[in-house]
**Q** 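Below you'll find the structure I mean.
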Amino acid sequence: MENKSERWCVMSFTRIEDILDGRCEGKHISVRGWVYRKRESKDIVFFIIRDATGIVQCTVRKDSSAWADAKRVTIESSVTLSGTVKKDERAPGGFEVPVDQLKIVGLAETFPITKDQSEEFRRNVRHLWLRSRRMNTIMKVRSETLRFVHEFFRKKSFIEVSPPMFISSACEGGATLFGLKYFDKDLYLTQSAQLHLEALIQSLEKVYCVAPSFRAEKSRTIRHLAEYWHVEAEEAFSTMDDLMCLEEDLVSHVCQNVAKQCRKELKALEVDAGKLAKVKAPFNRITYDEAVEKLRKKNFKIKWGEDFGFNEEKALAEELGPLFVYAYPKKIKAFYCKTYRENPEMVMSVDLIVPNIGELSTGGAREDDKKELLKRLEEFGLRQEDYEWYIDLRKYGTVPHTGFGLGVERLLAWILDLENIIDTIPFPRTTRRFYP
Ligand code: 4AD
Ligand code: MG
């Protein structure tokens, strides 16, 4: 196996992060990237060049053979250049490359994004705004977050599975279903892999996936997308307690590791890594009934049996930090939720709620008894024939089981303290945004 320091030596192009590390001082190197900033005076052109890993200052002097191209090159042109790295305290990152060779790979037309444009404008040219330091950094944390999610489940012996995107029966209710023509049939885009994961646990016991989910969300909020990435897990022979432990362990694992391994990125985004490192299992757990009582004490006018909105969730999390609320009235949860046998008006459903974002995940125990499930389908006005395969899972070797789904974008918005989840995904899809 080659290690990092061997790799950069043999590469013909040096990555900017390796220059900023100090390991290239005095060495003649080549860099490739894009012109991020440019400033000229009579005898010198200053560039900031960016690549995937960082930005570095480069200079071209009038007496250099690169002078003509340096004058000509525009913001966001792609270039390759060479020079001998020197230390310079005044340069961002503390190093500078005085350029002796410059090649323009793709000369850019006038770049439409400048410093003073609105958030709205940047979102309209997302395909270009992705080049910003901010988006570059958020995408790196997103990649690391997903890595930690996979790492966690593998460590816990969960098998990764790949659910379908085209589905024939709803998981989360008709209001947010996207319909589509599938040859000559009417199908939907998946809202959740849960039902299919339930089939898979009867073979693999512990499964998870990270996959897109689609919601025809008409509401324009800071926490809803029409297409989002969904971490979902399902476990055979498990209890509500197992489920909450699994979820809090996952969230702690991700937060701890992002705090530790994304220091540079967190600093650039002005996120407090110390606060993130303090997110540790166990989380508080309260019942729906207790939550209602707490909210009333905070002057919320909530009737028993009503679902919580964003404001209620925020108020609970402000007091209790990340917390689980469990045991909900069955009327406000989905058809598949298992009822408490001693109190069948309540279901074994649990939401994980976090400060600023509110609901981060929903999970629970699934109705595993065939007769009860048939009753629930009827109560919800759902047709048995649409769920035949799902009912089969209760006919052949049913087991108590639990699972959950957690939105990747909400997790990231929370970790990075972002105002809107729209910035956690490269090409957001909302009621208004589907371009580029
Ligand atoms: O609460 P939801 O609808 O629950 C389910 O879909 C379950 N079937 C999951 C399961 O048990 N396997 O969605 C789960 C999570 C939410 O808590 C939220 O984090 C995220 O998915 N989510 C959204 N994220 C962004 N935009 C949307 N429109 C979202 N809808 C749900
Ligand atoms: Mg939910």
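For ligands, and for the atoms within them, numbers begin at 1 and follow the listed sequence.
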**Q** Given 3.5 Å as the limit, does a donor-acceptor pair link the side chain of R220 with the main chain of T431, or not?
**A** no
**Q** Looking only at distances, can you tell me whether any N or O atom of G407, backbone or side chain, sits closer than 3.5 Å to an N or O atom of ligand 1?
**A** yes
**Q** Under a 4.0 angstrom heavy-atom cut-off, which atoms of ligand 1 come close to Y336?
**A**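 Reading through ligand 1 atom by atom, the close ones are 7 (C), 8 (N).
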**Q** Can D423 and R122 be counted as an ion pair, charged N to O under 4.0 angstrom?
**A**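 Not counted as a salt bridge, because no side-chain N and carboxylate O are separated by less than 4.0 Å.
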**Q** Please write down residue, atom name and distance for the protein heavy atom closest to atom 17 (O) of ligand 1.
**A**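 Looking only at protein heavy atoms, the one closest to atom 17 (O) of ligand 1 is E359 OE2, 2.5 Å.
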**Q** What atoms of ligand 1 come closer than 4.0 angstrom to any heavy atom of R223?
**A**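 Selected atoms, number and element: 25 (C), 26 (N).
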**Q** For R410, which part has a heavy atom under 4.0 Å from ligand 1: side chain, backbone, both, or neither?
**A**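 Answer for R410: side chain.
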**Q** Run the contact test for R366 against ligand 1 with a 4.0 Å cut-off on heavy atoms, strictly below, and give the result.
**A**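 It does, in that a heavy atom of R366 comes within the 4.0 Å cut-off of ligand 1.
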**Q** Any donor-acceptor pair under 3.5 Å linking the side chain of S252 with the backbone of A281?
**A** yes
**Q** With a sphere of 6.0 Å drawn around NZ of K375, does it hold more than 12 non-hydrogen atoms of other residues, nucleotides or ligands?
**A**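 Not buried by this count: 12 neighbours or fewer within 6.0 Å.
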**Q** Heavy atoms only: which of L360, L197, D351, L195 is nearest to atom 19 (O) of ligand 1?
**A** L360
**Q** For ligand 1, which atoms have a heavy atom of T362 less than 4.0 angstrom away?
**A**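 Per the distance check, 1 (O), 4 (O), 9 (C), 10 (C), 11 (O), 17 (O).
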**Q** To which protein heavy atom is atom 15 (C) of ligand 1 closest, and what is the distance rounded to 0.1 Å?
**A** G405 O, 3.6 Å
**Q** State whether the shortest distance between N or O atoms of Y228 and N or O atoms of ligand 1 falls below 3.5 angstrom.
**A** yes
**Q** Is a donor from one side chain sitting under 3.5 angstrom from an acceptor on the other, for T287 and D289?
**A**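 Result is no, nothing qualifies.
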**Q** Which of the numbered atoms in ligand 1 are under 4.0 angstrom from any heavy atom belonging to E217?
**A**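 Near E217, meaning under 4.0 Å from one of its heavy atoms, ligand 1 has 28 (N).
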**Q** On a heavy-atom basis, I'd like to know which of E232, Q191, E234, R215 is closest to atom 6 (O) of ligand 1.
**A**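 Considering heavy atoms of E232, Q191, E234, R215, the nearest to atom 6 (O) of ligand 1 sits in R215.
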**Q** Any salt bridge between E319 and K298, counting N to O under 4.0 Å?
**A**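 Salt bridge between E319 and K298, a charged N being under 4.0 Å from a carboxylate O: yes.
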**Q** Nearest heavy atom to atom 26 (N) of ligand 1 wins, so pick from L225, T430, L352, L411.
**A** L225
**Q** What is the ring orientation for H253 with F148, classed by angle as parallel under 30°, tilted 30 to 60°, or perpendicular over 60°?
**A**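 Judged by the thresholds at 30° and 60°, the geometry between H253 and F148 is perpendicular.
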**Q** Look at the N, O or S atoms of D351, main chain and side chain alike, and state whether any lies under 2.8 Å from the Mg ion (ligand 2).
**A**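 No - counting backbone and side chain alike, D351 has no N, O or S atom under 2.8 Å.
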**Q** Taking the inter-plane angle between the rings of H230 and Y228 on a 0 to 90° scale, is it parallel (under 30°), tilted (30 to 60°) or perpendicular (over 60°)?
**A** tilted
**Q** So which bit of W229 gets within less than 4.0 Å of ligand 1, heavy atoms only: side chain, backbone, both or neither?
**A** neither
**Q** So does G106 get a backbone contact from the side chain of S78, meaning a donor-acceptor N/O pair under 3.5 Å?
**A**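 Answer holds: yes.
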**Q** Would you please classify the geometry between the Y328 ring and the Y288 ring as parallel, tilted or perpendicular, with 30° and 60° separating the classes?
**A** tilted
**Q** The Mg ion (ligand 2) as vertex, arms to OG1 of T362 and OE2 of E359: angle to 10°?
**A** 80°
**Q** Mind checking whether F404 contacts ligand 1 via backbone (N, CA, C, O), side chain (CB onward), both or neither, at a 4.0 Å heavy-atom cut-off?
**A**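 Answer for F404: backbone.
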**Q** E409: heavy atom below 4.0 Å from ligand 1, yes or no?
**A** no
**Q** For atom 7 (C) of ligand 1, find the nearest protein heavy atom and state the residue, atom name and distance (0.1 Å precision).
**A**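 So the nearest neighbour among protein heavy atoms is E172 OE2, 3.3 Å.
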**Q** To the nearest 0.5 Å, what is the distance between CZ on R223 and CD1 on I422?
**A** 15.5 Å
**Q** Return yes when at least one N/O/S atom of S361 is nearer than 2.8 Å to the Mg ion (ligand 2), and no when none is.
**A**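 No, S361 does not qualify, because none of its backbone or side-chain N, O or S atoms lies under 2.8 Å.
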**Q** Check whether NZ of the Lys or CZ of the Arg R50 lies under 6.0 Å from the centre of the six-membered ring of Y36 and within 45 degrees of that ring's axis.
**A**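 No, a cation-pi geometry is absent between R50 and Y36.
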**Q** Please work out, at 4.0 Å between heavy atoms, whether the side chain, the backbone, both, or neither of S192 comes within that distance of ligand 1.
**A** side chain
**Q** Do the side chains of E372 and K338 get close enough for a salt bridge, i.e. N-O under 4.0 angstrom?
**A** no
**Q** Which ligand 1 atoms are under 4.0 Å away from a heavy-atom of S361?
**A**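 By the 4.0 Å cutoff, the relevant atoms are 17 (O).
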